[in-house]
A.B. asks: 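Quick one: this structure, given as structure tokens, is what I'll be asking you about.
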There are 2 protein chains.
Amino acid sequence: MTDRSDLVDALVQTSFTTMAVLTRVAADNDLSLTQFRVLAILRDRRVRMTDLAAYLGLEKSTMTGLVDRAEKRRLLLRAPNEQDGRAVDVFLSPEGVELVDRVRPHVERALAPMLAGLSPAHQHQLRDLMARMLSRPAGGPASTG
Amino acid sequence: MTDRSDLVDALVQTSFTTMAVLTRVAADNDLSLTQFRVLAILRDRRVRMTDLAAYLGLEKSTMTGLVDRAEKRRLLLRAPNEQDGRAVDVFLSPEGVELVDRVRPHVERALAPMLAGLSPAHQHQLRDLMARMLSRPAGGPASTG
DNA sequence: TATTGTTATACTCTATAACTATA
DNA sequence: TATAGTTATAGAGTATAACAATA
């Protein structure tokens, strides 16, 4: 109908399509989308359970399960936090790093067909517009405005 | 690193952010994201189970469960397909239509902060770029290229 | 008292395999 | 034989509530 709802529709459609591609790539590597995301976040970070849960918009008990399963597969490790005796740090194992590095190019390749319809100039435009959006508060998981 | 991977990162980030917003809106209305999507798809369509599953990239047995739960909540209905004695059509109940119509504006409102950082001209550009992407094959659920 | 994380529990989502009914 | 859908089963993802340990 309105311009605004056309834009919303396009954004939602694009997001579902992108998620479907990511889900497939993750599944091809025996990972759920959430597991894949956890590993990707930990690629260059060591974070506490609570921070990870907050970033993902999940409950801490959910985080426990996700980390349990990934730990059982030797993809990540837990260690007590140095500063806070209650907290637990999570970080990738060498196998986890290897997996993330191996899968990353698959993501780019899988999304390439979608992006191929855009000229380099248009791709540049699109990146800028999305970056501008992401620099704004989004009413995401944490902010229940 | 590369321009291409910057673009991929922006697309992935944008999609996760959008999904988080949609998940929250759905949850506020006692729906999972998948249930919400099913209802939205059926807003102006009557489709067979198999077609719905294919569109969502899910197994037919998964579809059975989703439709079972939504049917139990009186949000949609099943009816035998006229042409094919094996097939089952699915469509929204009046309550389902009411729900979808009620939730839709919430989606626009929830995504508005994200879009507010863009001028009308930029919003127009973004819509066009995303529409162009969506008109391309995306290596989505069905096409395992 | 408040926070961090786990455990117990329950429900949804999802897939695979086996089945029934129809084509 | 092949297709449409359901059922049975199993596992992952998710939340809520109760709990132990630490702050």
Side-chain angles (χ1 to χ4, degrees), chain A residues 16 19-20 22-39 41 46-73 75-91 141-142 144, chain B residues 16 19-20 22-39 41 46-73 75-91 141-142 144:
Chain A
F16 273 121
M19 286 297 120
L22 293 179
T23 299
R24 178 166 59 73
V25 171
D28 287 347
N29 291 274
D30 284 306
L31 294 170
S32 72
L33 184 55
T34 305
Q35 288 283 0
F36 182 34
R37 200 179 173 200
V38 167
L39 299 182
I41 289 168
R46 174 190 180 113
V47 298
R48 305 182 328 156
M49 293 288 288
T50 296
D51 294 339
L52 197 48
Y55 185 77
L56 293 167
L58 299 171
E59 287 302 314
K60 50 191 183 168
S61 59
T62 300
M63 211 62 249
T64 297
L66 286 166
V67 169
D68 278 353
R69 289 185 288 276
E71 194 179 28
K72 201 169 300 178
R73 291 174 62 179
L75 297 175
L76 54 75
L77 300 165
R78 273 188 253 233
N81 182 281
E82 300 278 326
Q83 280 76 43
D84 188 333
R86 301 166 300 179
V88 172
D89 288 343
V90 189
F91 53 96
T144 308
Chain B
F16 273 121
M19 286 298 120
L22 293 180
T23 299
R24 179 167 57 75
V25 171
D28 286 347
N29 290 274
D30 284 306
L31 294 170
S32 71
L33 184 55
T34 306
Q35 288 283 0
F36 183 33
R37 199 178 174 201
V38 167
L39 299 182
I41 289 167
R46 176 189 178 114
V47 299
R48 305 182 329 157
M49 293 289 288
T50 296
D51 293 339
L52 198 47
Y55 184 78
L56 293 167
L58 299 171
E59 286 301 314
K60 50 191 183 167
S61 60
T62 300
M63 210 62 250
T64 298
L66 286 166
V67 169
D68 278 353
R69 288 185 289 274
E71 195 179 28
K72 200 169 300 179
R73 291 175 60 179
L75 297 174
L76 53 74
L77 301 164
R78 275 188 250 233
N81 182 279
E82 300 277 324
Q83 281 75 46
D84 188 333
R86 301 166 300 180
V88 171
D89 288 343
V90 188
F91 52 97
T144 308

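Letters A, B, ... are given to chains in the order of the sequence lines, protein chains preceding strands, and every chain is numbered from 1. Below, all heavy atoms of this structure are taken into account, side chains as well, without hydrogens, waters or symmetry copies.
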A.B. asks: What is the separation between atom CG on B/L39 and atom P on C/dC13, rounded to the nearest whole Å?
C.D. replies: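 Going from B/L39 (CG) to C/dC13 (P), I get 11 Å.
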A.B. asks: Using the 3.5 Å cut-off, write out each protein N or O paired with an N or O of nucleotides 6-8 of chain C and the distance between them.
C.D. replies:
from  : atom 1 : to    : atom 2 : distance (Å)
C/dT6 : OP1    : A/R78 : NH1    : 2.5
C/dT6 : OP2    : A/T64 : OG1    : 2.8
C/dT6 : OP2    : A/R78 : NH1    : 3.3

A.B. asks: Which nucleotide in the set C/dT3, D/dG5, C/dA23 lies at the smallest distance from any side-chain heavy atom of B/A87?
C.D. replies: D/dG5
A.B. asks: When you compare the side chain of A/T62 with that of A/T34, does any pair of heavy atoms fall below 4.5 Å?
C.D. replies: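 SC-SC contact between A/T34 and A/T62 ruled out.
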A.B. asks: Rounded to whole angstrom units, what separation is found between the CD atom of B/E71 and the P atom of C/dT12?
C.D. replies: 15 Å
A.B. asks: I need the CG-P distance between B/L33 and C/dC13, as an integer number of Å.
C.D. replies: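 One finds 10 Å between P of C/dC13 and CG of B/L33, rounded.
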A.B. asks: Does B/N81 reach a base, just sugar-phosphate, or nothing at all? Heavy atoms under 4.0 Å.
C.D. replies: nothing
A.B. asks: Quick one: B/E59 CD to D/dA8 P, roughly how many Å, whole number?
C.D. replies: 19 Å
A.B. asks: From CG of B/D89 over to P of D/dT6, roughly how many Å is that when rounded to an integer?
C.D. replies: 12 Å
A.B. asks: Answer whether the closest heavy-atom distance between the side chains of A/F16 and B/L22 falls below 4.5 Å.
C.D. replies: yes
A.B. asks: Nearest whole angstrom, please: distance from the P of D/dA4 to the CD of B/Q83.
C.D. replies: 14 Å
A.B. asks: Might you point out which heavy atoms bring A/M63 and A/V38 nearest each other, and give the distance in Å?
C.D. replies: CE-CG2, 4.0 Å
A.B. asks: For the pair made of CG in A/D30 and C1' in D/dG11, what is the distance, rounded to whole Å?
C.D. replies: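 It works out to 13 Å between those atoms.
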A.B. asks: If the cut-off is 4.0 Å, is B/R48 near the phosphate of D/dG5, judged by side-chain N/O to OP1 or OP2?
C.D. replies: no
A.B. asks: Any side-chain heavy atom of B/L31 within less than 4.5 Å of one from B/R73?
C.D. replies: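 B/L31 reaches B/R73 side chain to side chain.
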A.B. asks: Does A/Q35 have a side-chain nitrogen or oxygen under 4.0 Å from the phosphate oxygens OP1 or OP2 of D/dG13?
C.D. replies: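 Yes, such a contact exists.
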A.B. asks: Return the value, rounded to whole Å, for the distance between atom CZ of B/R86 and atom P of C/dA23.
C.D. replies: 7 Å
A.B. asks: With sugar-phosphate meaning primed atoms plus P, OP1 and OP2, does A/T62 contact a base, only sugar-phosphate, or nothing at under 4.0 Å between heavy atoms?
C.D. replies: base
A.B. asks: Taking all heavy atoms of A/Q35 and all of A/L66, pick out the closest pair and write down the distance.
C.D. replies: NE2-O, 3.4 Å
A.B. asks: Is the closest side-chain heavy-atom distance between A/D28 and A/R24 below 4.5 Å?
C.D. replies: yes
A.B. asks: Does the side chain of B/L56 reach to within under 4.5 Å of the side chain of B/I41, using non-hydrogen atoms?
C.D. replies: yes
A.B. asks: With a 3.5 Å cut-off and heavy atoms only, can you find an N or O donor on one side and an acceptor on the other between the side chain of B/R69 and the base of C/dT12?
C.D. replies: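 Check fails, no donor-acceptor contact within cut-off.
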A.B. asks: Start at the 5' end of DNA chain D and walk down; is the nucleotide closest to A/G85 or to A/L66 reached first?
C.D. replies: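 So the residue in question is A/L66.
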